[in-house]
Amino acid sequence: MRITPASMMEQLPIQFFSTMVAKVNKVISEGRDVINLGQGNPDLPTPPHIVEEMAKQAKDPMHHKYPPFQGRLELKQAVAHWYKQEFDVDLDPEEEIAILFGSKTGLVEICQVLMNPGDVALVPDPGYPDYWSGVAVVGGRMVPMPLTVDNQFLPDYGQLDAADLEKAKLMFLNYPNNPTAVNAPFEFYEETIKFARKHEIVVCSDFAYGAISFDGKKPVSFMQVPGAKEVGVEFYTLSKTYNMAGWRVGAMVGNKELVKLINTLQDHYFVSLFGAVQMAAAKAMTDSQDCVRELVATYESRRNALYTALHEIGWKATPSQGSFFAWLPIPTGYTSAQLADELLCKAHVMVAPGIGFGAHGEGYVRLGLLNTEERLREAVKRIQKLQLFTK
Ligand SMILES: Cc1ncc(COP(=O)(O)O)c(C=O)c1O
């Protein structure tokens with residue numbers, strides 16, 4: 001029998017990170033010691049008190065049955081508690097919080113509940129490639145919002161085409177930003193809310209790195225800004241804050257109607273996450289946040305080590321404000337893909353080429369602060385040998 005996939009399958013973008021992993025694995029299989037700074041997978045383990053809670057909860061037969069549809073109230077209350085404690089934001093656990101299988105899933109689902117084929121989604125360029133996936137699944141059209149250094153890597157709404165705005169149903173924003181590592185100011189979100197109201201565009205704030213910011217500056221949650229709940233939602237994940245990427249827990253918070261739509265769609269996909277995972281996630285969000293402060297201090301110290309080393313070899317770049325990435329302009333004479341290949345083949349250092357995040361990512365590479373300070377320094381030392389920079 002001939003299997004004929006749906007045409008949607010052909011529209012799915014090639015998973016950028018899977019291609020990258022294949023390249024690294026090839027070089028490793030040749031016996032090379034590769035320093036992989038190309039991916040966004042947290043390198044440290046989940047704090048022990050969360051793992052212990054999981055072990056305890058996994059033994060409770062209550063969780064061996066189906067969990068409640070739309071997730072456990074304990075986890076929704078924990079998310080509400082976390083938003084109140086960290087950002088002084090009030091959320092109704094029952095109506096303004098939806099539990100997600102990691103935020104990646106929610107980013108696709110939000111497109112499914114809002115967009116019809118041909119509708120437009122505004123996406124940051126450069127941006128996290130998974131926004132493209134959701135838009136492709138629904139047969140939508142992406143309109144890039146260029147993020148340039150001249151505009152502090154924030155979109156300039158004045159540059160967008162009126163015809164595109166007419167067709168736009170939603171927009172993705174992501175600060176602290178992957179890949180550019182900048183934070184967004186409060187005023188930017190005020191402007192965003194005005195823009196969203198005027199053009200009736202749902203704002204989807206991806207707050208995956210909401211807990212990771214440096215130099216004593218706390219990121220702004222979109223939910224802190226008056227009017228945010230009227231025009232949109234925020235996606236939060238435990239993957240980065242608590243090194244729980246493998247656990248697949250996230251939440252979408254904000255606008256009640258959107259929460260209801262996502263919950264309705266999820267009722268058709270699945271029941272909910274394993275109850276023990278939800279209880280352990282609730283513990284993570286309500287217990288002491290010392291582990292988060294320690295993690296942020298670790299990333300900050302790695303950032304400092306990396307930028308000091310880069311500065312010493314003459315690679316000039318503005319230090320990251322948040323997230324766990326470094327966004328570095330590349331030397332002239334290379335495309336970002338050529339430079340990434342050169343660094344992998346000759347220095348055995350894997351970085352992500354900026355072009356993988358969109359056309360405006362060209363001219364940059366992204367490095368993850370997801371290795372020890374020693375390995376980060378070693379990576380820079382290896383790069384120095386290629387003599388790409390003059391001091
Ligand atoms: C900007 C951004 N959003 C969302 C995610 C997805 O996180 P998760 O699906 O683990 O919640 C990531 C992961 O790398 C990310 O970088």
Side-chain angles (χ1 to χ4, degrees), residues 13 15-18 20-21 36-44 46 50 71 75 79 82 97-111 121 123-135 137 145 147 153-155 170-184 203-213 219 221-222 232-253 262 266 269-270 273 277-278 280-281 284-285 295 299 320-327 352 354 356-358 361 366-370:
Q15 266 287 359
F16 172 62
F17 293 105
S18 60
M20 228 167 60
V21 172
N36 186 347
L37 307 179
Q39 286 165 274
N41 207 346
D43 60 313
L44 294 168
T46 307
I50 305 171
L75 178 53
V79 173
W82 186 84
I97 298 175
I99 303 302
L100 306 171
F101 268 93
S103 58
K104 185 174 159 65
T105 320
L107 297 171
V108 174
E109 288 169 352
I110 193 73
C111 297
V123 297
D125 174 6
Y128 177 57
D130 279 24
Y131 307 135
W132 315 344
S133 317
V135 183
V137 164
M145 297 186 287
L147 308 185
F153 296 114
L154 300 168
L170 61 86
M171 64 190 293
F172 288 109
L173 294 175
N174 164 227
Y175 297 96
N177 184 256
N178 173 10
T180 67
V182 299
N183 294 350
V203 179
C204 302
S205 160
D206 177 355
F207 205 40
Y209 299 93
I212 306 172
S213 178
S221 158
F222 174 58
V233 283
E234 187 153 86
F235 293 84
Y236 177 68
T237 171
L238 280 78
S239 295
K240 322 288 175 176
T241 316
Y242 306 99
N243 296 324
M244 288 174 69
W247 297 54
R248 313 310 303 130
V249 198
M252 187 190 86
V253 310
I262 286 273
Q266 292 195 346
Y269 276 147
F270 36 70
L273 291 72
V277 167
Q278 296 192 52
M285 298 189 91
L295 183 68
Y299 287 139
S320 320
Q321 299 170 358
S323 82
F324 48 49
F325 297 110
W327 187 238
F357 302 94
R366 190 195 73 179
L367 275 63
L369 303 170
L370 302 170

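We count ligands from 1, going down the list as the structure has it; atoms in each ligand are counted the same way.
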Subject >> Close N or O approach (Asn178, ligand 1; < 3.5 Å) >> reply: yes
Original post:
N/O of Thr237 under 3.5 Å from N/O of ligand 1, yes or no?
Top reply: yes
Give the numbers and elements of all ligand 1 atoms closer than 4.0 Å to a heavy atom of [X].
X      : result
Ala208 : 2 (C), 3 (N), 4 (C)
Lys240 : 12 (C), 13 (C), 14 (O)
Asn174 : 1 (C)
Tyr209 : 1 (C), 14 (O), 15 (C), 16 (O)

Subject >> Option of least heavy-atom distance to atom 1 (C) of ligand 1 (set: Thr105, Leu107, Asn41, Asp206) >> reply: Asp206
Original post:
Side chains of Trp327 and Ser320: is there a donor and an acceptor less than 3.5 Å apart?
Top reply: no
Original post:
Quick one: nearest non-hydrogen protein atom to atom 9 (O) of ligand 1, plus distance?
Top reply: Arg248 NH2, 2.7 Å
Subject >> Heavy-atom nearest neighbour in the protein, as seen from atom 10 (O) of ligand 1, with distance rounded to 0.1 Å >> reply: Ser239 OG, 2.6 Å
Kindly say whether the aromatic ring centers of [X] and [Y] come within a distance under 6.0 Å.
X      : Y      : value
Tyr209 : Phe325 : yes
Trp82  : Tyr236 : yes
Phe207 : Phe222 : no

Subject >> Close side-chain approach of Ser221 to Glu234, heavy-atom, < 4.5 Å >> reply: yes
**OP:** For residues Tyr299 and Ile212, determine if any side-chain heavy atom of one lies less than 4.5 Å from a side-chain heavy atom of the other.
**Re:** yes
Subject >> Side-chain (Gln278) to main-chain (Leu273) donor-acceptor, under 3.5 angstrom >> reply: yes
**OP:** Specify side chain, backbone, both or neither for Phe235, according to which of its non-hydrogen atoms lie closer than 4.0 Å to ligand 1.
**Re:** neither
Subject >> Structural part of Ser103 in contact with ligand 1, heavy atom criterion under 4.0 angstrom >> reply: both
Subject >> Separation between CD1 of Ile99 and OG1 of Thr105, rounded to the nearest 0.5 Å >> reply: 12.5 Å
